[in-house]
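Data first, discussion second: the structure below is written as structure tokens.
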Amino acid sequence: MSDRTADVVIIGGAVMGSAVACHLAMRDDFDGRIVVIEADPAYETCASARSAASIRQQFSSAINIEISLYGIGFLRDIGATLAVDTDRPVIDLHEGGYLFLATPDKLEILQENHQLQQDLGADIGYLDASELKAKFPWLDVTDLAAGCHGLTGEGWFDGYGLMQAFRKKARSLGVDYLADRASVRRTGEDWQVQLSTGDTFSAPVVVNCAGASGGAELCRQAGLDVPVVSRKRCVFTFECRDQLERFPLLIDPTGTYVRPEGTGYICGSAPPADRDPDCSDFDVDYSLFEDHIWPTLAARVPAFEAIKPGAAWAGSYDMNLFDHNAFIGPVPDLPGFHLALGFSGHGLQQSPAVGRGLAEMIATGRYQTLDLSPLSIERLSAGRPIIEKNVV
């Protein structure tokens, strides 16, 4: 056993932890030792590797829109920003856009969201039912009032590649990665991070990026209760014999989604509340596809009545039951303890802005660019949820 020191210990080394480490290590005004502890070094079960990996500006809250507006620029420039020597990462960003569809009873919400998105600079097109049919002739618009399509700045990418790009850049800048499980406790002015090997690290700053696999438990060890749980989400693949031109990431009014992937498609949907318990297994719920997803998609896109189902997999969301938005930043009354937790499925697309923001906070004590304080844990004790109407 050994007792070691660090300036910053980040627990959780997937996309969020690696984004924080990378941004902090890239700063000219920070030269401290950064240690990242990851319990799953092969990244077999982390959300970053099992996500549908997409980015959108079509949110209903300003902070989420602003986070993704920064994120898309970062993803476009990733080859230069995260290059290591001559190795330039590639994440296959495809800006096919989201297509949110609304029935007449949800039209006002769609219009309000679209106005906010435009006001903040998002490139989102608004189409009535006839315009939807003209642009996407394979779409059944019978029950629709309108839709919003991301013209640029929205789409999908290689999420695992993004995580590895952050990780490789961070390691090239001297960040240490350790494969181990960790627990925390406060000792004097520092945090003691205990590893399963018996080794310990003392550090003034700890960042909890442990996600669904243990983020809430780390908070409890530090003296903080957060309503963050692990929820299973399944992704299904299929092929369609018809070629459907200009297919976006389509969000049906039910919340069911589908998008292209290679020569086929991937799709998914949140299960009904009574079939969505706290969960840590990765068993695929095939009945969700048979009973809900396929019938819903076939009704919306008649060509999907004849498909060939393919592989499927399951992953975990660190679901924030308070308002389905992340807790980000320092925790009052727990000096040096920072959160990047509870992303509820938005972690990959939000990792560039959150990594940058937490690096700013740790290095300077404040947010220098985008103010992430609306996502502070303080909104929990104040009973002030962020009402995000576009939860997918």
Side-chain angles (χ1 to χ4, degrees), residues 2-38 41 67 70-71 73-74 77-89 162-180 182 184-195 197 199-210 218 222 328-331 334-341 350-373 376:
S2 63
D3 298 319
R4 291 175 279 180
T5 61
D7 296 282
V8 177
V9 174
I10 299 169
I11 304 177
V15 73
M16 198 58 64
S18 290
V20 175
C22 181
H23 278 89
L24 191 55
M26 287 193 296
R27 292 185 65 91
D28 294 333
D29 59 354
F30 183 87
D31 60 0
R33 185 186 182 192
I34 306 166
V35 176
V36 178
I37 301 170
E38 171 55 49
I67 283 173
Y70 172 74
F74 187 94
D77 296 337
I78 192 172
T81 305
L82 297 187
V84 177
D85 297 325
T86 60
D87 185 3
R88 297 168 63 93
L162 174 63
M163 177 191 70
Q164 290 291 359
F166 274 131
R167 185 177 186 273
K168 186 171 183 177
K169 183 69 172 182
R171 294 187 68 183
S172 77
L173 295 171
V175 175
D176 294 323
Y177 276 72
L178 299 179
D180 213 329
V184 297
R185 65 185 180 92
R186 186 75 176 171
T187 57
E189 294 185 356
D190 284 342
W191 291 94
Q192 185 177 72
V193 181
Q194 180 85 37
L195 306 184
T197 59
D199 293 345
T200 61
F201 277 93
S202 294
V205 174
V206 167
V207 187
N208 180 355
C209 299
L218 282 174
I328 299 170
V331 179
L334 294 177
F337 193 74
H338 293 69
L339 299 178
L341 187 66
Q350 296 190 330
S351 61
V354 173
R356 179 186 64 168
L358 281 178
E360 293 170 352
M361 179 61 71
I362 293 167
T364 72
R366 63 185 181 89
Y367 295 120
Q368 297 174 301
T369 49
L370 176 60
D371 182 8
L372 299 179
S373 60
S376 167

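Every heavy atom of this structure was used, including side-chain atoms; hydrogens, water molecules and symmetry mates were not. For clarity, every value in this text was computed on a predicted model and none was experimentally measured. We count residues from 1, following the sequence as given.
Atoms CD1 and CG, on Ile328 and Leu372 in that order, are 5.5 Å from each other to the nearest 0.5 Å. Here the CD1 atom belonging to Ile67 is positioned 6.0 Å from the CG atom belonging to Leu370, to the nearest 0.5 angstrom. The OG1 atom of Thr81 lies 8.0 Å from the NE2 atom of His23; values are rounded to the nearest 0.5 Å.
Counting non-hydrogen atoms of other residues, nucleotides and ligands closer than 6.0 Å to CG of Asp29 gives a total above 12.
Residues satisfying the side chain to side chain contact (heavy atoms under 4.5 Å, CB included) criterion with Ser172, sequence neighbours excluded, are Val84, Lys169. Looking at residues two or more places apart in sequence or on another chain, you find a side chain to side chain contact (heavy atoms under 4.5 Å, CB included) between Glu360 and Arg27, Arg356, Tyr367, Gln368, Thr369. Residues satisfying the salt bridge (Lys or Arg N to Asp or Glu O under 4.0 Å) test with Arg4, not counting sequence neighbours, are Asp199. The salt bridge (Lys or Arg N to Asp or Glu O under 4.0 Å) test applied to Asp180 returns no partner, not counting sequence neighbours. Residues satisfying the salt bridge (Lys or Arg N to Asp or Glu O under 4.0 Å) criterion with Arg88, sequence neighbours excluded, are absent altogether.
Side chains of Phe30 and Thr364 form no contact here, defined as non-hydrogen atoms less than 4.5 Å apart. By the 4.5 Å heavy-atom criterion applied to side chains, Met361 and Pro330 are counted as neighbours.
Of all the heavy atoms in Ile34 and Ala25, the pair that sits closest is CD1-N, 3.8 Å. Between Leu339 and Leu358, the shortest heavy-atom distance links the atoms O-CD1, 3.8 Å. Across all non-hydrogen atoms, the minimal contact from Ala182 to Leu218 is O-CD2, 3.6 Å. Across every non-hydrogen atom of Phe201 and Leu178, the tightest pair is CE1-CD1, 3.4 Å.
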Next item on the list: Dump the intermediate steps for side chain to side chain contact (heavy atoms under 4.5 Å, CB included) on Arg171 and Lys168, then the final yes or no.
Entry: CA-CA 5 Å; Arg171 294 187 68 183; Lys168 186 171 183 177; 5.9 Å; no

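Phe74 and Phe166 have parallel rings, their planes meeting at less than 30° on a 0 to 90° scale where 60° marks the start of perpendicular.
Here the side chain of Arg186 pairs a donor or acceptor atom with the backbone of Glu189 at under 3.5 angstrom.
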Return all side-chain donor-acceptor pairs below 3.5 angstrom for residues 6-22, not counting sequence neighbours, or 'none' if the list is empty.
{"from": "Asp7", "atom 1": "OD2", "to": "Arg33", "atom 2": "N", "distance (Å)": "2.6"}
{"from": "Ser18", "atom 1": "OG", "to": "Gly13", "atom 2": "O", "distance (Å)": "2.8"}
{"from": "Ser18", "atom 1": "OG", "to": "Ala14", "atom 2": "O", "distance (Å)": "3.1"}
{"from": "Ser18", "atom 1": "OG", "to": "Tyr177", "atom 2": "OH", "distance (Å)": "2.7"}

